[in-house]
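Okay, structure first, notes after.
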Amino acid sequence: MLGAAGKSPVRQHVIPQARESTQNQSLRRPQLQNNNVSVFSDSSNQYVPVPKRWLRDHCQCESCIHPVTKQRLIETFDIEDVDIRSITQSNSGFNVLWSDGHKSYFTEDWLTRSGLKAQSRVAERQGLTDVRLWNGKTFQADEHTNPLPTIHYSEVMASDEGVGAWTALIRKYGFAYVDGCPPTPEATQELLERIAFIRHTHYGGFWDFTSDLSYGDTAYTDLAIGAHTDTTYFTDPGGLQMFHMLSHENGSGGMSLLVDGFAAAQELLTNYPDDYAILATVPVHSHASGNEGISVQPQCTFPVLVHDPQNGHLVQVRWNTTDRAAIDTPMEYMQRWYDAGEKWAAILRKHEYWEQLQPGKPLIFDNWRVLHGRSSFTGKRRLCGGYISMDDFISRFKTTNWGKDSVLKAVAQG
Ligand SMILES: C[N+](C)(C)CCCC[C@H](N)C(=O)O
Ligand SMILES: O=C(O)CCC(=O)C(=O)O
Ligand SMILES: [Fe+2]
């Protein structure tokens, strides 16, 4: 039950790591050849002519792309005859006069990027250029060389640069603490909404919760919860998750654990590639059924380790023992999934980083990468927080970090 062809697909699996920017490929400038533009294609490593219809489809002028909405306005396939009357090259681009009289201008930079392989473009756009993996000891061994990713509340509230620094920390480490937040739900919600609007679920929008079983889920008890990701039962699991512990009275326990799922996956891939392949391919069902009138399950099945089908990058960890349903593999292969799960669980345990949440210091983490959990507790413990969808987080991360190495200003039409 591995790949479709029965072969292990493990070789194409890549853990997001610091990548070299593709910008240095701009040395290979586009060229004018036979009354057409050629770009250097890094997939075939040679100059290739661009299809004329593609060029017309990508006209950047204001009547073809709306200057405000950035949406394409032309009906490309309604243009019957696409031919070039003339092209002239200027210092930094190409002027094209089309046979129907339309004029286009393409900069060299823009054309150069269009020759990049889809996979490098996707990786650049996802901002995968600066990912730092960590383990349970990273932040304990040397607090000076590896300080906990932390930013001050006032910096985030003051400006979009502050939000840029915050979202870049979350992107790099998978989590960050905010220091100096007033220990109230109102201030916490305002802080979270600096990134984006909150993702509502059957647990509400912004949560303020304690161990009272107000919802049918272990989160609303005082039980220990092992390392897991949330909302594995959604087709699109929550992207960011914030926890702010507002108070803990008359009791103890309730320590929080975090695990870098990408680092754990890296270790699994290195030491047990066959087990990695199983967790990367066998579909695992999941569900949320503990609440009256709610029966959620994803609209297609996913494995534990989800990869970008284009570039093989690991993009998402889905691991929640409490919410797991059927493992979709024939019974004769079932033992193999459990063997792989056992190795994965042991690596997760080894990577655990423990810390007690503090009032005034909200924690936010990437729920597609970092697993979380808590020890059991006694007394009255009050947490607040919320989810933000991954796409909304990445949008904010990119727009507050334009110009930084990790973020290329490339839009979908580029
Ligand atoms: C809403 N709040 C975070 C308090 C609880 C979420 C419920 C956790 C659930 N078992 C899951 O893993 O998705
Ligand atoms: O109580 C905690 O620290 C976290 C519980 C949990 O996993 C959740 O609410 O998603
Ligand atoms: Fe959780």
Side-chain angles (χ1 to χ4, degrees), residues 174-175 177 183 185 188-189 192 198-249 251-261 284-298 302 304 306 316-325 345 348 352-390:
F175 75 102
Y177 285 99
T188 313
Q189 179 167 356
L192 182 57
I198 289 170
R199 161 100 172 254
H200 286 242
T201 68
H202 53 273
Y203 299 108
F206 188 79
W207 338 293
D208 187 345
F209 66 103
T210 188
S211 49
D212 60 1
L213 269 180
S214 58
Y215 286 96
D217 190 275
T218 48
Y220 300 82
T221 68
D222 53 14
L223 300 171
I225 309 177
H228 67 281
T229 61
D230 263 26
T231 62
T232 49
Y233 40 74
F234 285 142
T235 313
D236 170 30
L240 295 182
Q241 186 164 356
M242 178 178 271
F243 285 135
H244 188 183
M245 207 212 30
L246 298 175
S247 56
H248 189 176
E249 289 150 12
S252 61
M255 285 266 279
S256 295
L257 78 85
L258 296 174
V259 177
D260 185 349
V284 176
H285 297 256
S286 50
H287 72 118
S289 317
N291 296 283
E292 187 67 29
I294 301 290
S295 175
V296 185
Q297 63 182 95
F302 297 91
V304 172
V306 181
Q316 189 182 72
V317 175
R318 305 173 79 108
W319 183 256
N320 192 319
T321 301
T322 56
D323 298 337
R324 173 156 51 70
L348 290 179
E352 285 173 359
Y353 164 68
W354 285 87
E355 189 155 288
Q356 190 84 53
L357 296 176
Q358 306 284 350
K361 209 176 148 194
L363 162 71
I364 190 162
F365 55 90
D366 175 345
N367 183 56
W368 286 23
R369 167 179 171 187
V370 170
L371 299 92
H372 66 284
R374 63 148 194 247
S375 61
S376 64
F377 63 91
T378 55
K380 181 144 173 72
R381 180 170 171 269
R382 181 181 173 202
L383 258 62
C384 69
Y387 298 120
I388 285 178
S389 287
M390 181 56 84

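Quick caveat: nothing in here was measured; it's all calculated off a predicted structure. The basis for the numbers below is simple: all heavy atoms, side chains too, and nothing from hydrogens, waters or symmetry mates. Both ligands and their constituent atoms are indexed starting at 1 by order of listing.
Side-chain atoms of N367 and Y387 form no donor-acceptor pair, as typed in the model, at a separation below 3.5 Å. Looking at H372 and D230, their side chains do bring a donor and an acceptor atom within 3.5 Å of each other.
Contacts with ligand 1 closer than 4.0 Å are made by no heavy atom of Y215, backbone or side chain. Of the heavy atoms in D217, only side-chain atoms (C-beta onward) come closer than 4.0 Å to ligand 1. Contacts between T201 and ligand 1, counted as non-hydrogen atom pairs separated by less than 4.0 Å, are absent for every part of the residue.
Taking 4.0 Å as the cut-off between side-chain N and carboxylate O, R199 and D236 count as a salt-bridged pair.
Numbered from 1 in the order shown, with element, the atoms of ligand 2 that lie under 4.0 Å from a heavy atom of A219 read 8 (C), 9 (O). In the vicinity of Q241, heavy-atom distances shorter than 4.0 Å reach the ligand 1 atoms 3 (C). Set against the non-hydrogen atoms of L383, the atoms of ligand 2 under 4.0 Å away are 1 (O), 2 (C), 3 (O). Taking every heavy atom of H228 and a limit of under 4.0 angstrom, the matching atoms of ligand 2 come to 7 (O). Set against the non-hydrogen atoms of A219, the atoms of ligand 1 under 4.0 Å away are 5 (C). Those atoms of ligand 1 that come under 4.0 Å of a heavy atom in D323, given as number and element, are 9 (C), 10 (N), 11 (C), 12 (O), 13 (O). Numbered from 1 in the order shown, with element, the atoms of ligand 2 that lie under 4.0 Å from a heavy atom of R381 read 1 (O), 2 (C), 3 (O).
Expressed to the nearest 0.5 Å, how far OG1 of T221 lies from CG of D212 amounts to 10.5 Å.
Ligand 2 has no atom lying under 4.0 Å from any heavy atom of W207. Heavy atoms of M245 come nearer than 4.0 angstrom to ligand 2 in no pair at all.
The closest approach of H228 to the Fe ion (ligand 3), by N/O/S atoms, is made by NE2. The minimum distance between the Fe ion (ligand 3) and any N, O or S atom of D230 involves atom OD1.
Among all protein heavy atoms, the one lying closest to atom 10 (O) of ligand 2 is D230 OD2, 3.0 Å. The shortest contact between atom 8 (C) of ligand 2 and any protein heavy atom is with F243 CZ, 3.4 Å. What sits closest to atom 5 (C) of ligand 2 on the protein, heavy atoms only, is R374 NH1, 3.6 Å.
Listed for the R374 side chain is no donor-acceptor partner under 3.5 Å among the backbone atoms of G253. Counting only distance, with no hydrogens or angles, the side chain of R324 and the backbone of T232 share no donor-acceptor pair below 3.5 Å. Without hydrogens or angle criteria, S375 side chain to A224 main chain gives no donor-acceptor distance under 3.5 Å.
A ring-centre distance under 6.0 Å is not found for Y215 and H202.
In terms of N/O distances under 3.5 Å, ligand 2 is not approached by S256.
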